[in-house]
Number of protein chains: 2
Amino acid sequence: MPVTEAPRSARQTAPRGGERGAETLFVASLEKGFRVLEAFRNVAGDLGLTEIAERTGLDKSAAQRFTNTLQKLGYLEKDPSSRRYRPAVRLLDFSYTYLHQDRLAETAMARLIEASKVYGTTVNLCELIDTDVIYTVRIPHEKASFPATVPGRRMPAYCTSGGTAIMAFRPAAEAAAIVDASDRVPMTDDTIVERRAVMARITEARELGFGIGVGQAMPNEISIAAPVLNARGEAIAAVQIPVYMPNWTPAEARQKIAPLAMETARSISGILPPEAARSA
Amino acid sequence: MPVTEAPRSARQTAPRGGERGAETLFVASLEKGFRVLEAFRNVAGDLGLTEIAERTGLDKSAAQRFTNTLQKLGYLEKDPSSRRYRPAVRLLDFSYTYLHQDRLAETAMARLIEASKVYGTTVNLCELIDTDVIYTVRIPHEKASFPATVPGRRMPAYCTSGGTAIMAFRPAAEAAAIVDASDRVPMTDDTIVERRAVMARITEARELGFGIGVGQAMPNEISIAAPVLNARGEAIAAVQIPVYMPNWTPAEARQKIAPLAMETARSISGILPPEAARSA
DNA sequence: TCGGCGGTATTATATTGTAATACTTCTTGT
DNA sequence: ACAAGAAGTATTACAATATAATACCGCCGA
């Protein structure tokens, strides 16, 4: 995402603010700083200054300034010999900042751990963000691919059981909007991307009470997820449990894993307030 | 830490830069934005604008601008009725940004999972940051206090087995410096804070090959940690395993948990490059 | 040895962030 | 129920700060 070409407003030295409401309350520098951090999200190795500039759409000077600031603040680390940058441990502070105050994660934690012991499986909690699900709490048991074990990992909602389960228990219009807004590039050979088919999976999840995907996000993976509901009956998260073929068959998973996911999700549900703030 | 009173350089309209090197390359606005985020780190509930201003040392206007920007970017959530702010899920993106590129976490993950199965215990990986250890990878098995299960959690290095284990395998001067720089307020009734005693525990860890703390950071907790070493034999992290009394006794833990922690740590050691960049 | 690429440092300029202030909306105590 | 005050929101004039152009330096490969 090249981000909107900074409009760089027209009139010279003209006191802005008359135009529209509070545009003055937005600190553009802050956004640029975060753009630099985001540039590292889906990157294998370190990044040089030039690469950072390319990926963020900032010019070399800006990349220099923000990169330098981020390093001084301890969020980026600089290899003195290669002069390249990489994310620093300090970024994990934000993980704590979010999670320690999250009532959902707090109440879920014990239940998820219990659930993971039943069949010795991984158990995850995920929430919806834009068109993705983001895994917030992970209780890993088998090592799947490494990135798949990392908290904060995002996956497209439309092709994951977690996303399907959550969308199934949201207003239909919202679910449709998410699917439409999704960039539906197949993750595996079997990923279902066609709109009608995706919507059908959501409907199915609503009827079953859980979502299931076989090889949808990752080959050989059977993923099952059940929605966590608030007091109004709207999904605010999902308990997701992946198992792997050939150790498990889809039939076994439906029979054993689905009830476990649903029971776990149910035990977490309803404790939360009606609906967390939807920011403007 | 109230952060250094923004010096706000003297001379009016004086072109700065002549003074010293690259002060121009530091974007102060970015730091302020992060200050706002940091204000939420050790906070129970939501924060109002005024509270944010107080905690960050920014004035009301600044708090307004940064808070607003952060909300627009999706890192803060605003409760429309109370008008108070809270951290948003999106913060977990940084967790992924850091971890997915961390070779240490990657190689450790499988070993930690295995280790957690041996006695059905929690197993953590932690790294040193300033005077703290920060837990980077957590494989939870029993629910201890919730915050203690959250990745990104920090604890003072001087009174944790992880910190002790790491400092034991660092240059002595560095260890001493960390202990001296630590704000040694007791975490439990039994926390050892006296300099000589703390240093003795570090020496002991060097001799034993592992660090151990009984009720040091939390009552009833026995914490054992073994250092992960790089090719030079310097500690870069620790494998930490907590068990709880009365299920476990210190003697049992030394006999069973310590070898497990050491073996796990050893299996991860040496894979990493000599020393990750020490930023200037 | 040279060429060029990537990173670093410097500085004039005006755009952008700033902070003072007025306005509005909630909260609280009587 | 009302008033007083606290907390949040909006507006604007000002200049300090971020900007970006450019020059410099050092490294790598040819």
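Quick note on labels: first sequence line is chain A, next is B, and so on, each numbered from 1.
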If I take atom [atom1] in residue [X] and atom [atom2] in nucleotide [N], what distance separates them, rounded to the nearest angstrom?
| X | N | atom1 | atom2 | value |
| --- | --- | --- | --- | --- |
| A:Leu47 | C:dG6 | CG | P | 13 Å |
| B:Arg65 | C:dA20 | CZ | P | 11 Å |
| A:Lys32 | C:dT15 | NZ | P | 13 Å |
| A:Glu23 | D:dT11 | CD | C1' | 14 Å |
| A:Leu58 | D:dA18 | CG | P | 15 Å |
| A:Leu25 | D:dT11 | CG | C1' | 9 Å |
| A:Phe66 | D:dA18 | CZ | C1' | 8 Å |
| B:Phe26 | D:dT17 | CZ | C1' | 13 Å |

When you measure from the side chain of [X], which nucleotide among [options] comes out closest?
| X | options | value |
| --- | --- | --- |
| A:Gln64 | C:dT16, C:dT18, C:dT8 | C:dT8 |
| A:Asp59 | C:dT18, D:dT9, D:dA20 | D:dA20 |
| B:Arg83 | D:dT12, C:dT25, C:dG7 | C:dT25 |

Single hit among B:Arg84, B:Arg86, B:Gln71 for side chain to side chain donor-acceptor pair (under 3.5 Å) with B:Glu77: B:Arg86
Parallel, tilted or perpendicular: ring planes of B:Tyr75 versus B:Phe94, cut at 30 and 60 degrees: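 The arrangement is parallel - the two ring planes meet at less than 30°.
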Side-chain heavy atoms of A:Leu125 within contact of A:Val239, under 4.5 Å: yes
Distance-minimising heavy-atom pair for B:Lys143 and B:Phe146: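 Shortest heavy-atom contact: NZ-N, 3.6 Å.
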Nearest heavy-atom neighbours spanning A:Thr69 and B:Val27: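 It is OG1-N, 2.9 Å.
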Upstream residue (5' side of DNA chain C) when A:Val27 and A:Ser61 are each assigned their closest nucleotide: A:Ser61
Side-chain N or O of B:Thr24 closer than 4.0 Å to phosphate OP1/OP2 of D:dT17: no
Short side-chain N/O contact to C:dT8 OP1/OP2 from A:Lys78, under 4.0 Å: yes
Touch class at under 4.0 angstrom, heavy-atom based, for B:Thr50 against every strand present: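 Contact class for B:Thr50: sugar-phosphate only.
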Sugar-phosphate only, base, or nothing, as touched by A:Ala28 at under 4.0 Å among non-hydrogen atoms: sugar-phosphate
No-H, no-angle donor-acceptor pair, A:Lys60 side chain to C:dG7 base, under 3.5 Å: yes
